[in-house]
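Some notes on the structure that comes next.
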Amino acid sequence: MAEMESSLELSSSFSASSSLPPPRSRIFKIIVIGDSGVGKTCLTFRFCSGRFPSKTEATIGVDFREKIVEIDGEQIKIQLWDTAGQERFRKSMVQHYYRNVHAVVFVYDVTSLSSFQSLPTWIEECRQHSLGNEVPRIIVGNKCDMRDCVKVGTDVAQKFADVHGMPVFETSAKNPNDNDHVEAIFMTLAHKLKSQKPLMLSQLSGGDSTVQLKPEQKPAGVCWC
């Protein structure tokens, strides 16, 4: 997989005689992390395809999906990177996985207390890879269709989310009635990302169709809570 080094996707190279730049669309890289078995792959599959996968297997390394959405008349490409929750499958991919991330989704299983208790470890891993509070982050409690097996109450999850300055959502990737809810969660994140200042195009060098990108300076103390 080619490495993504910017949040802009450019069309194929254009003629030097053309006076117009090539069309482009913004890309947002969102990573989805959490323990193995919490339903990360099912959530991303539900959002991108609108249905629950007929067959699910443990993710080995990184699973990648994307979906083009329209926000305020602009075409936005959302890339969802879903990583294996087991350390032995992740070790060689961590550096690449955390590169150029625009937002983070932490997922736990509402029927598994241990997956919820692992969230601080995942938050710390993000911090170690320089993903601070300026990067939009949300928490998602999955499998809430299994109401008789819930081990993590909404009030407990909300208190944890408040402490860490993140919104928390509860949903089910499996329940077809929650399809709109799953989409709303990711679209909420996409709207937040779109409201950020986009990357700026630097000046093209003479005769070179390669575009170099540089981020605008972000104001200090941005909070996405």
Side-chain angles (χ1 to χ4, degrees), residues 1 3-7 27-44 47 58-66 78-110 112-142 152 156-171 173 185-197 199 215 217-225:
M1 182 187 304
E3 205 171 284
M4 186 189 72
E5 295 293 352
S6 80
S7 64
I27 295 177
F28 294 139
K29 176 182 177 180
I30 301 174
I31 60 173
V32 183
I33 57 181
D35 281 2
S36 179
V38 297
K40 302 183 298 294
T41 299
C42 294
L43 281 169
T44 61
F47 173 67
T59 300
I60 306 298
V62 171
D63 200 1
F64 171 87
R65 291 183 178 85
E66 61 183 23
I78 298 176
Q79 291 185 337
L80 297 177
W81 294 55
D82 157 29
T83 182
Q86 298 179 26
E87 178 65 22
R88 70 181 187 272
F89 293 143
R90 304 177 63 253
K91 207 164 186 180
S92 64
M93 316 204 59
V94 167
Q95 290 295 335
H96 180 76
Y97 186 74
Y98 280 103
R99 191 173 299 163
N100 302 309
V101 171
H102 299 99
V104 183
V105 178
F106 298 99
V107 182
Y108 70 95
D109 174 355
V110 299
S112 169
L113 181 59
S114 63
S115 71
F116 179 75
Q117 293 172 334
S118 294
L119 290 180
T121 301
W122 294 109
I123 293 171
E124 174 60 19
E125 182 171 289
C126 284
R127 188 194 66 78
Q128 291 175 358
H129 289 86
S130 302
L131 297 182
N133 292 337
E134 76 282 357
V135 177
R137 304 175 300 163
I138 65 172
I139 300 173
V140 175
N142 191 31
V152 183
V156 174
Q158 187 63 62
K159 287 178 182 177
F160 178 86
D162 290 344
V163 167
H164 292 276
M166 289 183 268
V168 61
F169 302 88
E170 291 181 332
T171 193
I185 291 171
F186 286 103
M187 288 302 294
T188 296
L189 203 49
H191 275 275
K192 284 186 178 182
L193 290 170
K194 185 180 181 297
S195 68
Q196 291 181 319
K197 292 182 179 180
L199 298 186
Q217 295 298 317
K218 295 181 180 178
V222 176
C223 179
W224 289 99
C225 54

To the closest 0.5 Å, what do you measure between [atom1] ([X]) and [atom2] ([Y])?
{"X": "Asn133", "Y": "Met166", "atom1": "CG", "atom2": "CE", "answer": "8.0 Å"}
{"X": "Asp35", "Y": "Thr121", "atom1": "CG", "atom2": "OG1", "answer": "8.0 Å"}
{"X": "Met187", "Y": "Leu193", "atom1": "CE", "atom2": "CG", "answer": "11.0 Å"}
{"X": "Phe116", "Y": "Ile139", "atom1": "CZ", "atom2": "CD1", "answer": "7.0 Å"}
{"X": "Arg137", "Y": "Trp122", "atom1": "CZ", "atom2": "CH2", "answer": "15.0 Å"}
{"X": "Glu66", "Y": "Ile27", "atom1": "CD", "atom2": "CD1", "answer": "7.0 Å"}

[X] versus [Y]: any side-chain heavy-atom pair under 4.5 Å?
{"X": "Glu170", "Y": "Tyr108", "answer": "yes"}
{"X": "Glu125", "Y": "Ile33", "answer": "no"}
{"X": "His164", "Y": "Leu119", "answer": "no"}
{"X": "Ser112", "Y": "Val38", "answer": "no"}
{"X": "Pro167", "Y": "Thr188", "answer": "no"}
{"X": "Leu43", "Y": "Val32", "answer": "no"}
{"X": "Phe186", "Y": "Val105", "answer": "yes"}
{"X": "Phe28", "Y": "Leu189", "answer": "no"}

Self-check item: Minimum heavy-atom distance between Glu134 and Ser130, given as atom pair plus value
Solution: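 For Glu134 and Ser130, the tightest heavy-atom pair comes out as OE2-O, 4.1 Å.
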Donor-acceptor pair, [X] side chain versus [Y] backbone, under 3.5 Å?
{"X": "Asn142", "Y": "Val107", "answer": "no"}
{"X": "His102", "Y": "Lys29", "answer": "yes"}
{"X": "Lys40", "Y": "Gly34", "answer": "yes"}
{"X": "Ser115", "Y": "Asp109", "answer": "yes"}

Quiz item: With a 3.5 Å cut-off and no angle check, do the side chains of Thr41 and Asp82 form a donor-acceptor pair?
Solution: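 Judged by distance alone, the side chains do pair up.
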Quiz prompt | Donor + acceptor pair across side chains of Tyr98, Gln128 (<3.5 Å) | solution =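 Note: Tyr98 and Gln128 side chains miss the donor-acceptor criterion.
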